Amino acid sequence: MAYSYFQRVYGLVKRIPRGRVATYGQIAGILGSPRGARMVGWALHVLPKKELRTVPWHRVINREGRISTTCLEHTARQQAELLKKERVAVTAVHGSYRIDLTKFLWKPF
DNA sequence: CTTATGACTTTCA
DNA sequence: CTGAAAGCCATAA
């Protein structure tokens, strides 16, 4: 394949509809690596600035429905704000943010 | 070839 | 509830 694993991640994340979220493991599973959740996270970590405005990175969260971002440029707070603008219920708890995956988890068909 | 790393996940205490 | 440790896999050096 001419495109890297990262490119596939970006392409898949772009398919996440507005108002929905997806988990790293879920995306990794679709790409054929159920255990490659770290790759998804890393792919978004090195997300080029150009792709930054085309890839809805803020719709990707961890399995607990929390924001695990360690990126200083894009804090969890910023991500939570972006999700709220998309009508995603983000609950703030003790400095952490939580999302109801049973309602907002993206289900590819 | 070997190491190191990371926006994860699961399991155990 | 929190935290630590192991497993996981693509990419870089």
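Everything numeric here is computed off the predicted structure, so don't read it as measured data.
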Query raised in the report: Once each nucleotide of nucleotides 8-13 of chain B is scored for protein heavy atoms under 4.0 Å, what B/S/- sequence comes out, 5' to 3'?
Result: BSS---
Close N/O contacts between protein and nucleotides 1-3 of chain C (under 3.5 Å):
none

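Of the possible donor and acceptor atoms, none in the side chain of A:R35 sits under 3.5 Å from a partner among the backbone N and O of A:G29. With hydrogens and angles ignored, the 3.5 Å screen pairs no side-chain donor or acceptor of A:Y24 with any backbone N or O of A:W42.
For the pair A:L31 CG and C:dT11 P, the computed distance is 11 Å after rounding to whole Å. Between the P atom of C:dA12 and the NE2 atom of A:H45 lies a distance of 13 Å, rounded to the nearest Å. One atom, CH2 of A:W42, and another, P of B:dA7, lie 10 Å apart when rounded to the nearest Å. B:dA7 atom P lies 16 Å from atom CD1 of A:I27, rounded to whole Å.
Contact annotation: the side chain of A:S96 never approaches that of A:I67 to less than 4.5 Å [non-hydrogen atoms, C-beta and beyond]. Counting heavy atoms from C-beta outward, A:Y97 and A:T91 have side chains that stay 4.5 Å or more apart. Counting only heavy atoms from C-beta outward, the side chains of A:V60 and A:I27 approach each other to under 4.5 Å. Side-chain contact between A:I61 and A:Q79: present, with at least one pair of heavy atoms (C-beta onward) separated by less than 4.5 Å.
The salt bridge (Lys or Arg N to Asp or Glu O under 4.0 Å) pairs that include a residue from residues 49-68 of chain A are A:K14-A:E51, A:R59-A:E86, where partners are two or more places apart or lie in different chains.
Screening A:I16, A:L47, A:L12 for a side-chain contact (heavy atoms from CB on, under 4.5 Å) with A:V55, the sole residue that qualifies is A:L47.
The C1' atoms of C:dA13 and B:dA7 are separated by 23 Å, rounded to the nearest whole Å.
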